[in-house]
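In what follows, a structure is listed as structure tokens, so that the remarks can point back to it.
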Amino acid sequence: MKDHSVDDTINLEHEQEQEQEQDSLHRILVPDVHDLPLTPPSAIESNFVSYFAPDFTKPGHDQYVYRHANGLCVIGLARTHVAFKDTSGITAVDFNVGKSDRSGIKVTGKRKKNAQHFESNSALCKVNTDDASYIVRCCVKGSLLEVNDRLIKQPGLLNSSADREGYIAIIMPKPADWLKVKGSLLGLEEYKKLREC
């Protein structure tokens, strides 16, 4: 005759193990609400590493470089740029600097045909306020893939969302060039500490 109490004990232990596995799996898959941040990370925080070029070529000319995992760099004006201190904000953006109009560049294909190569101190555009104008530089040596044409008709995007829709340009640096320039840029935390002082 079989002893049913032994079978019951084995079944009970097996059920308890399954419950523990389910509980641990649930904790892994469904995070505790109290451990979540109050606001989810933005697309920039999730997909890009933020770098900053403080006082680039002139005091107060702070710019950002958001680097994607694929190597592309988004260039724009940091919130602490001197142009934002003007009461009227930025009123116009002109991509016609240097020997060519940067907004006329059209890059095509996998090999980025027609992309122009620029040094880190090359001018991308000129931003104007009521009182002054400021040259925005590349910050990174590489191929200019795109400029934000929307800024020509909507320069206010720089005032409202300079770090998103108000970006200036997208540049593709070579890996070796990126490693050279990366040392001269500050990370987000270093930049915050610098600008708090």
Side-chain angles (χ1 to χ4, degrees), residues 37-68 72-106 116 118-142 144-173 181-197:
L38 293 175
T39 57
S42 69
I44 292 168
E45 294 168 341
S46 301
N47 300 317
F48 293 88
V49 179
S50 300
Y51 295 95
F52 293 86
D55 304 322
F56 196 75
T57 66
K58 291 182 180 177
H61 288 230
D62 297 353
Q63 291 183 230
Y64 66 76
V65 178
Y66 294 153
R67 187 163 199 267
H68 194 272
L72 295 182
C73 294
V74 178
I75 311 295
L77 296 181
R79 278 269 135 231
T80 54
H81 193 283
V82 71
F84 295 119
K85 292 181 173 68
D86 193 305
T87 54
S88 64
I90 294 169
T91 56
V93 177
D94 184 13
F95 286 101
N96 192 5
V97 291
K99 296 176 182 172
S100 66
D101 185 356
R102 309 289 192 236
S103 62
I105 297 171
K106 298 294 176 223
Q116 290 186 335
F118 292 106
E119 295 294 322
S120 60
N121 63 349
S122 298
L124 278 174
C125 69
K126 188 183 340 179
V127 294
N128 300 308
T129 63
D130 284 343
D131 300 331
S133 65
Y134 305 94
I135 300 291
V136 179
R137 308 266 175 196
C138 290
C139 296
V140 177
K141 179 181 178 182
L144 179 63
L145 301 185
E146 171 186 317
V147 296
N148 189 356
D149 292 342
R150 290 176 61 191
L151 295 177
I152 297 169
K153 292 182 180 175
Q154 298 172 291
L157 286 174
L158 277 169
N159 299 318
S160 60
S161 58
D163 58 341
R164 295 187 310 276
E165 291 88 1
Y167 73 95
I168 301 290
I170 298 176
I171 293 179
M172 182 174 63
V181 78
K182 182 181 173 184
S184 66
L185 301 174
L186 297 180
L188 180 61
E189 294 305 317
E190 294 172 292
Y191 180 71
K192 282 181 179 176
K193 285 178 188 172
L194 176 72
R195 288 304 175 223
E196 280 175 3
C197 299

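Numbers here simply count residues along the sequence, with the first being 1.
For the residue pair F118 and C138, the shortest heavy atom distance occurs at CB-SG, 3.7 Å. Residues D101 and N96 approach most closely at OD1-N, 3.6 Å, considering heavy atoms. Counting all heavy atoms, side chain and backbone alike, A53 lies closest to L185 at CB-CD2, 3.7 Å. For the residue pair G76 and I168, the shortest heavy atom distance occurs at CA-CG1, 3.7 Å.
With values rounded to the nearest 0.5 angstrom, L158 atom CG is found 5.0 Å from L151 atom CG. Rounding to the nearest 0.5 Å places CG of D163 at 11.0 Å from CG of L77. With values rounded to the nearest 0.5 angstrom, I135 atom CD1 is found 9.0 Å from T57 atom OG1. For the atom pair N148 CG and I75 CD1, the distance stands at 13.0 Å (nearest 0.5 Å). The OG atom of S103 sits 15.5 Å away from atom CZ of R150, with the distance rounded to the nearest 0.5 Å. In this structure, N121 CG and C139 SG are separated by 10.0 Å, a value rounded to the nearest 0.5 Å.
Heavy-atom contacts from other residues, nucleotides or ligands closer than 6.0 Å to NZ of K85 number more than 12.
Two residues are said to be in side-chain contact when any heavy atoms from C-beta on lie closer than 4.5 Å; K141 and P173 fail this criterion. Residues H61 and D55 are not in side-chain contact: their nearest non-hydrogen atoms beyond the backbone lie 4.5 Å or more apart. Put simply, the side chain of H81 reaches to within 4.5 Å of the side chain of Y134, judged on heavy atoms. Looking at heavy atoms from C-beta onward, Y66 lies out of side-chain contact with V49 at the 4.5 angstrom threshold. Between F48 and V74 there is a side-chain heavy-atom pair separated by less than 4.5 Å. Residues V136 and V127 have side chains in contact (heavy-atom distance under 4.5 Å, counting atoms from C-beta outward). Annotation: side chain of F52 is not in contact with side chain of V65 (no heavy-atom distance under 4.5 Å). At least one side-chain heavy atom of L194 sits under 4.5 Å from a side-chain heavy atom of P54.
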Residues T91, D130; criterion side-chain contact (heavy atoms from CB on, under 4.5 Å); working and verdict
CA-CA 7 Å; T91 56; D130 284 343; 3.5 Å; yes

Begin with the C-alpha distance, continue with both residues' side-chain angles, and end with the deciding distance and a verdict on side chain to side chain donor-acceptor pair (under 3.5 Å) for E146 and Y167.
CA-CA 10 Å; E146 171 186 317; Y167 73 95; 2.4 Å; yes

Passes side-chain contact (heavy atoms from CB on, under 4.5 Å), E190 versus Y51? Steps please.
CA-CA 9 Å; E190 294 172 292; Y51 295 95; over 6 Å; no

What's the verdict on side-chain contact (heavy atoms from CB on, under 4.5 Å) for F95 and I152, showing C-alpha distance, side-chain angles and the deciding distance?
CA-CA 8 Å; F95 286 101; I152 297 169; 3.8 Å; yes

Please step through side-chain contact (heavy atoms from CB on, under 4.5 Å) for the pair C125 and V147, ending with a clear verdict.
CA-CA 9 Å; C125 69; V147 296; over 6 Å; no

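Applying the side chain to side chain donor-acceptor pair (under 3.5 Å) rule to Q116 yields no partners; only residues at least two apart in sequence or on another chain are considered. Take D62 and apply the salt bridge (charged side-chain N to carboxylate O under 4.0 Å, His left out) test, not counting sequence neighbours, and it matches R195. With sequence neighbours excluded, the residues that form a salt bridge (charged side-chain N to carboxylate O under 4.0 Å, His left out) with D149 are K106.
Between the side chains of D131 and T129, no donor-acceptor pair is found at a separation under 3.5 Å.
Here the side chain of E45 pairs a donor or acceptor atom with the backbone of S42 at under 3.5 angstrom. Between the side chain of N159 and the backbone N or O of I90, at least one donor-acceptor pair lies under 3.5 Å. Remark: the backbone N or O of A123 is paired with a side-chain donor or acceptor of R102 at under 3.5 angstrom. Distance alone, capped at 3.5 Å, is enough to place a donor-acceptor pair between the Q63 side chain and the R137 backbone.
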